[in-house]
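Hydrogens, waters and symmetry mates play no part in the numbers below; they use all other heavy atoms, side chains included. Letters A, B, ... mirror the listed sequences (proteins, then strands); counts begin at 1.
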Protein chains: 2
Amino acid sequence: MAVTIRDVAREARVSVASVSRALNGSPAVTDETRQRIASIAARLRYVPHSAARSLITKRTQTIGALLPDLYGEFFSELIRGIDLAARAKGLHLLVSSSHGDADEAAAALRAMQGRVDGMLILSPHVDAEFLRANLPESTPAVLLNSALKSTQFDVLNIDNYGGAHAMTRHLLDAGHAGVAFIGGPDDNFDAQQRERGYREAMAAFAPKATAKIVAGDFSEESGYHAGRVLAKDSKPVRAVFAANDMMAVGCLRAFAEAGLRVPQDVALAGFDDIPIARYITPALTTVRVRIADLGRSALESVATAIEKPGRARNAAQTLACDVVVRASSRDDGRPTKPV
Amino acid sequence: MAVTIRDVAREARVSVASVSRALNGSPAVTDETRQRIASIAARLRYVPHSAARSLITKRTQTIGALLPDLYGEFFSELIRGIDLAARAKGLHLLVSSSHGDADEAAAALRAMQGRVDGMLILSPHVDAEFLRANLPESTPAVLLNSALKSTQFDVLNIDNYGGAHAMTRHLLDAGHAGVAFIGGPDDNFDAQQRERGYREAMAAFAPKATAKIVAGDFSEESGYHAGRVLAKDSKPVRAVFAANDMMAVGCLRAFAEAGLRVPQDVALAGFDDIPIARYITPALTTVRVRIADLGRSALESVATAIEKPGRARNAAQTLACDVVVRASSRDDGRPTKPV
DNA sequence: AACCCGGATGAAAACGTTTACATTTCACCG
DNA sequence: CGGTGAAATGTAAACGTTTTCATCCGGGTT
């Protein structure tokens, strides 16, 4: 049924070996025969059977991506970055996402076994034990946004610390001496780093002020509660830095209800630059994460890990973030309009 | 290096055929030997070489998804639906997205050749000719959101028409006799269907009123311009239905600048239910599209097309939408708060 | 006791490539 | 003109499965 290398060989009156060589660009074949074979292959619409090739070469030209249940923008951007880089390298992308728990993730990881040359892993369930049990050590892998320190895998993180540090500094620079922080879940790696960035920036640039931290869990609701707490506080704050945008949105709602004006009475900032951030009123100052870059870098790391198996692992890399200043931290009377 | 079926066979003192049978659940093997083989396979961490298997079975257990350059939420939800359904069926998902033009899409489609058992195709560049040239007719495929009428492939569409029809009716029901429409790009299939839904609902439920349509192109800017046009109009409208949410957002901004209050002076509705919709002020009434369902249905269609190659194609299916009523079309004094 | 039948197992072919090794060809040199 | 070596091409093994067909074995039937 399907046309194989034999059909091409017969038609071109050469051996299958020559066809293989011609099509794979081996130098050991005349330009003339290469031409003939190529044109015949094209005419017959021959396409090599990838399974047969994989069987002998032990390469699938495919990278697997293991992702948790991610929200909209982040997921899209990450895949975009990965996909673009993969296509540039001629690699395919096998995706398995939406894993609710560690068992699902483990099953998915094992199912990819042998179908991929390397893996991109982003999952809150991943720890050293998990990997040892579910990932053959021969498989190159890159861990995204993981607290894990591994010599076996590359680790690629967002610079949560740097972003939070810079944002805290921005709020202090704008003259808001008292900056409060709304934290994320205790066990969340991103949240921990962001809080650390806040603390250290406070210590460095406002040594006299004390850091003030309200607990949250990244949900809008928790931001709302934190906002109520802060609004009622005896010592009013001049600026609030939420560990993510959703909490900032909730906090904004609480402030509105309490009659606090943003940014006139209190400045507000978030983290992530979700699409909503620029459309709420006032538009939210936040930290933009270059998610597509994260995906691209991750793919490139795993690609080189595949090409050069012996090479030393990178130290854990981090990817820079940008502070994006919008109306919520800018009391200068400019109209609130999407940036 | 890697453990093969031979290693398991040797260890179990049995032929490779028996191992294959035992592991694939063939009835022609004693429960006792099956047990023994299974436990040995587990102990050796044997995992069948998928390429070798594909070579002989002609199946890859993989579905390919060809997607254009999609924006955040839509992409994520679609993949989520596809991914979940794929996992339920034990299928893998090969993704190729972010295609800017027809040539890129064609290249990606051809590259997937032989690596997948079936395809999910969502692309503005797809027409009959494109498919004939790039998709082997033996490959089962499902077209998403395509204007194409094909007997060869299943086609799965969002019920743009029904959603727009229902929304127009909702706006009319609320007493807003004059409903204007902001259209999308002329060549866009979704936009055409939505406009048709609006027109026919107007003709059916408000035969005396004339349909009033302002051109747009799905961008926020175009919504803003349309809003200015509508605000200045000599005959003021009581309700505006934008063909997508982004234009509704732009329109809202124009109305705010013109001093028009939403919903008191004019009701406003969009289409898509993007995440932003519920966070703007007032929250936007819109049509929710069940994107994950679209993905799930598409995957299930292609899966059955693979399992039962001979069966008759479905007529083009459409997936229902829901009208989501929020503050922007509800002048009842309820507080504006996320739903 | 000869026969047959069905169930469990094994031997080997087949899938479509790549590649190590063998063979042919041919120009060039002594 | 035979020999040499490099370049081009061919032959066949190998990759790890699944599956067809053959074999073996035990028990029931005649």
Side-chain angles (χ1 to χ4, degrees), chain A residues 1-38 40-41 44-62 90 92 111-117 136 138, chain B residues 1-38 40-41 44-62 90 92 111-117 136 138:
Chain A
M1 178 84 203
V3 28
T4 79
I5 199 173
R6 301 212 124 72
D7 302 321
V8 180
R10 182 165 359 94
E11 196 82 359
R13 307 187 170 285
V14 294
S15 72
V16 293
S18 292
V19 177
S20 176
R21 281 191 276 255
L23 265 29
N24 290 322
S26 153
V29 60
T30 334
D31 272 352
E32 186 237 326
T33 48
R34 185 192 309 282
Q35 291 289 349
R36 195 172 80 246
I37 292 175
I40 291 182
L44 299 185
R45 290 169 174 270
Y46 166 70
V47 19
H49 193 293
S50 52
R53 175 179 277 172
S54 294
L55 183 56
I56 185 90
T57 60
K58 313 245 176 242
R59 280 288 153 79
T60 61
Q61 309 290 5
T62 304
H92 293 262
M112 284 193 175
Q113 183 92 238
R115 313 186 85 95
V116 299
D117 296 337
S138 55
Chain B
M1 179 81 203
V3 28
T4 80
I5 199 172
R6 299 213 125 71
D7 302 320
V8 180
R10 181 164 358 94
E11 196 83 357
R13 307 187 168 285
V14 86
S15 74
V16 293
S18 293
V19 177
S20 175
R21 281 190 277 254
L23 266 27
N24 290 322
S26 154
V29 60
T30 332
D31 272 352
E32 187 238 325
T33 48
R34 184 192 308 283
Q35 290 288 350
R36 194 172 81 247
I37 292 175
I40 290 181
L44 299 185
R45 289 170 174 270
Y46 166 69
V47 20
H49 194 293
S50 53
R53 175 179 277 171
S54 295
L55 182 57
I56 185 89
T57 61
K58 312 246 174 242
R59 279 289 153 78
T60 61
Q61 309 290 6
T62 304
H92 293 262
M112 285 194 175
Q113 182 93 240
R115 312 186 87 95
V116 299
D117 296 337
S138 56

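- Residues Thr62(B) and Asp117(B) form no side-chain contact, since every pair of their non-hydrogen atoms from C-beta on lies 4.5 Å or further apart.
- Going from atom CG of Leu55(A) over to atom C1' of dT18(C) covers 10 Å, rounded to whole Å.
- Judged by distance alone, the side chain of Thr4(B) and the main-chain N or O of Arg6(B) form a donor-acceptor pair under 3.5 Å.
- Applying the salt bridge (Lys or Arg N to Asp or Glu O under 4.0 Å) test to pairs two or more places apart or on separate chains, none has a residue in residues 18-28 of chain A.
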Base-contact (B) and sugar-phosphate-only (S) positions in nucleotides 5-13 of chain C, heavy-atom cut-off under 4.0 Å, - elsewhere: ---SBBB--

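- Judged by distance alone, the side chain of Ser26(A) and the main-chain N or O of Ala28(A) form a donor-acceptor pair under 3.5 Å.
- For DNA chain D, the contact window with chain A, defined by any atom under 4.0 Å from a protein heavy atom, covers dA8(D) to dG16(D) in 5' to 3' order.
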Cut-off 3.5 Å, no hydrogens considered: what does the side-chain donor-acceptor table look like for residues 13-20 of chain A, sequence neighbours left out?
from: Ser15(A); atom 1: OG; to: Ala17(A); atom 2: N; distance (Å): 3.4
from: Ser15(A); atom 1: OG; to: Ser18(A); atom 2: N; distance (Å): 3.4
from: Ser20(A); atom 1: OG; to: Asn24(A); atom 2: ND2; distance (Å): 3.4

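- The residue Ser20(B) sits close to a base: some heavy atom pair falls under 4.0 Å.
- Checked by atom type and distance alone, the side chain of Arg36(A) pairs as donor or acceptor with a backbone atom of Ala12(A) at under 3.5 Å.
- For Ala111(B), the side chain to side chain contact (heavy atoms under 4.5 Å, CB included) partners two or more places apart in sequence, or in a different chain, are His92(A).
- Arg59(B) places no side-chain N or O within donor-acceptor distance of the main-chain N or O of Ser54(B), the cut-off being under 3.5 Å.
- For the helix from dA1(C)-dT30(D) to dG30(C)-dC1(D), the end axes, each set by the C1' atoms of five terminal pairs, are bent relative to each other by 70° (nearest 10°).
- Using a 4.5 Å cut-off on side-chain heavy atoms (C-beta onward), Ile5(B) and Tyr46(B) make contact.
- Put simply, the side chain of Thr60(B) does not reach to within 4.5 Å of the side chain of Arg115(B), judged on heavy atoms.
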